[in-house]
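Keep in mind that the numbers below use all heavy atoms, side chains included, and drop hydrogens, waters and symmetry copies.
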Amino acid sequence: MTENQNILEANSLTMSFGGLTAVANLSFCLRKGELVGLIGPNGAGKTTVFNMLTGVYAPTEGSILLNQGDKKQAISGLPPYKITQKGIARTFQNIRLFNKLSVLDNVRIAFHFSRSYSMFHSFFLTPLFWREEKKITADATELLALLRLEERKNDLAKNLSYGEMRRLEIARALATHPQILLLDEPAAGMNPQETEELSELINLIREKFSLTILLIEHDMSLVMKLCEKIMVLDYGMMIASGTPEEICHSKRVIEAYLGEEV
Amino acid sequence: MGLFVQQIVNGLALGSIYALIALGYTMVYGIIRLINFAHGDIYMIGAFVGYFALTTFNLPFGVSLVLAMLIPAILGMLIERVAYRPLRKSPSIAVLITAIGVSLLIENLAILWFSPDPRPFPQIFPNMPLDFFGIKISIPQIIVFLTSVALMIALNFLVQKTKIGKAMRAVSQDKEAASLMGIDTDRIISLTFAIGSALAGAAGVMVGVIYPRIQPLMGVMPGLKAFVSAVLGGIGSIPGAMLGGLIMGLTESLVTALISSTWRDAIAFGLLIVILLVKPSGILGKSTREKV
């Protein structure tokens with residue numbers, strides 16, 4: 001796959017809830033390996049875009065195509081678990097870990113579907129079962145080490161600090177072996193120091209797992225620093241897209257967004 | 001003192017049956033927040049499958065027990081698929097009423113097909129009491145208790161260690177997040193019904209072993225009591241259902257022996273009222289989780 005190939009194409013996506021159109025006629029492409037920011041005022045429809053990409057909502061209109069190797073396949077309307085299995089993972093704006101499970105189990109669950117031992121092996125405790133479970137635990141531990149969570153692996157997820165929870169969400173998403181990672185406000189509620197660490201972490205995982213990343217974020221300094229391309233949504237419509245430089249100087253963006261923010 | 005200990009033994013045997021049924025209630029509740037009122041009837045079907053396997057088909061006990069778990073498991077999945085899944089997005093009251101409907105349907109079909117007359121469950125194990133220092137424990141009681149404990153240990157392993165179990169726990173906490181981790185939530189819900197129903201089916205055979213009389217409405221009362229056990233232990237909690245079932249069995253057998261059998265049911269359900277007043281989340285239940 002060449003560097004410039006589109007890995008994901010969204011064509012005229014529209015999402016209506018009754019009379020309310022949350023996203024209207026939105027088209028965009030993600031290139032392989034790209035880090036794209038998705039910004040916009042609150043309620044602009046950013047998370048709705050994520051929900052359509054991951055299958056939580058089926059778009060009212062439009063299609064989403066995923067390119068894998070040579071084949072292009074429509075994923076709009078598939079159930080979330082199938083889309084995850086095809087290689088799109090996400091984190092949540094309001095952290096949604098499995099609070100009553102240990103840190104390690106949170107990650108192991110996400111590893112599970114990719115290691116296919118059948119129910120037969122669970123019931124009869126075959127050697128394959130033990131081998132696979134051991135491998136999953138080893139992989140999960142390695143991933144936790146990468147995200148500096150190894151020491152907390154036996155704690156319940158709910159007992160983590162806020163920054164740790166955000167990192168665990170990323171670990172859990174990575175465990176599904178994604179090609180595309182959708183990060184929904186990963187820096188929300190972090191102090192400048194933590195945000196700094198987060199941006200290093202994003203660069204690290206992007207490199208290590210050769211990810212394409214779509215990032216929703218309100219922290220402009222982070223977006224401007226990390227992203228190669230930025231898309232701006234307002235009232236469900238794309239009002240601008242381009243390099244951080246271009247976005248900074250776009251009059252429409254400043255009117256709709258940056259002007260109001262400060 | 002001898003009588004007291006004797007009743008504890010009887011209570012444990014009965015309680016382990018309640019525990020098996022209660023597990024199905026608690027697992028289904030844990031995963032889709034539904035009190036599956038048809039669950040007691042699945043237990044009845046288990047007893048009948050065991051009965052036919054042992055008498056009509058003359059199968060060995062082990063095979064009959066497996067069949068009496070397998071067929072209810074399939075039935076449980078079928079009920080979920082046909083009656084509950086289409087209502088997944090409906091208000092919970094709609095599903096609850098459907099569950100009552102399913103329960104009545106199964107009971108009446110059973111009356112139609114199996115006739116309402118009680119049948120004697122074949123006695124495979126010699127009803128010979130073994131004497132342990134003056135406490136009489138019958139072989140059926142031992143079989144029932146050991147089988148139940150083995151099943152509960154197996155269930156615990158399944159839930160704690162395997163990917164199905166972890167997926168179940170994930171789905172029960174956050175369905176949407178679970179599906180975004182690549183888990184087919186519908187399949188996991190279906191499996192939860194299968195496992196819960198298989199345990200109820202096993203309980204049906206167990207009850208046939210110690211109280212050898214089965215009939216189509218036999219599931220109603222034990223179903224309700226197992227439900228109370230699940231609430232007692234903390235609904236949604238698997239160890240809670242086991243504990244609740246044992247407490248229920250012990251209470252019943254002690255009340256029967258020390259007070260009077262006419263008080264048995266009143267006290268069993270009185271227990272529900274007390275627990276709802278004192279600790280609504282049950283003995284091992286966690287207080288309702290707050291949404292952030």
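- Between R96(A) and E176(B) a salt bridge is recorded (basic side-chain N to carboxylate O distance below 4.0 Å).
- Taking each heavy atom of F129(A) and T162(B) in turn, the nearest pair found is CE1-CG2, 3.7 Å.
- The CE atom of M181(B) lies 8.5 Å from the CG atom of N106(A); values are rounded to the nearest 0.5 Å.
- A154(B) does not touch chain A: none of its heavy atoms, backbone or side chain, sits under 4.5 Å away.
- Going from atom CG of L101(A) over to atom OG of S172(B) covers 8.0 Å, rounded to the nearest 0.5 Å.
- Although no hydrogens or angles enter the test, the distance criterion places a donor-acceptor pair under 3.5 Å between the side chain of T84(A) and the main chain of L180(B).
- Counting heavy-atom neighbours within 6.0 Å of E142(A) CD, excluding the residue itself, gives a total of 12 or less.
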### Query
Do K82(A) and D184(B) pass the salt bridge (Lys or Arg N to Asp or Glu O under 4.0 Å) test, and can you show the C-alpha distance, the side-chain angles, and the key distance before you say yes or no?
CA-CA 8 Å; K82(A) 285 207 170 135; D184(B) 182 352; over 6 Å; no

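- In this structure, the side chains of H112(A) and I164(B) stay at 4.5 Å or more apart for every pair of heavy atoms.
- Between K166(B) and F98(A), the closest side-chain pair of non-hydrogen atoms is not below 4.5 Å.
- R88(B) CZ: more than 12 foreign heavy atoms inside a 6.0 Å radius.
- Only the side chain of L158(B) comes within contact range of chain A, with heavy atoms under 4.5 Å apart.
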### Task
Please test R169(B) against D105(A) for side chain to side chain contact (heavy atoms under 4.5 Å, CB included), starting from the C-alpha separation and ending with a verdict.
CA-CA 10 Å; R169(B) 286 185 291 155; D105(A) 276 346; 3.6 Å; yes

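- Taking 4.5 Å as the limit, some side-chain heavy atom of Q173(B) sits within range of a side-chain heavy atom of K100(A).
- From K161(B), atom NZ reaches atom CD of E133(A) across 9.0 Å, with rounding to the nearest 0.5 Å.
- Within a 6.0 Å sphere centred on CD of Q73(A), other residues, nucleotides and ligands contribute more than 12 heavy atoms.
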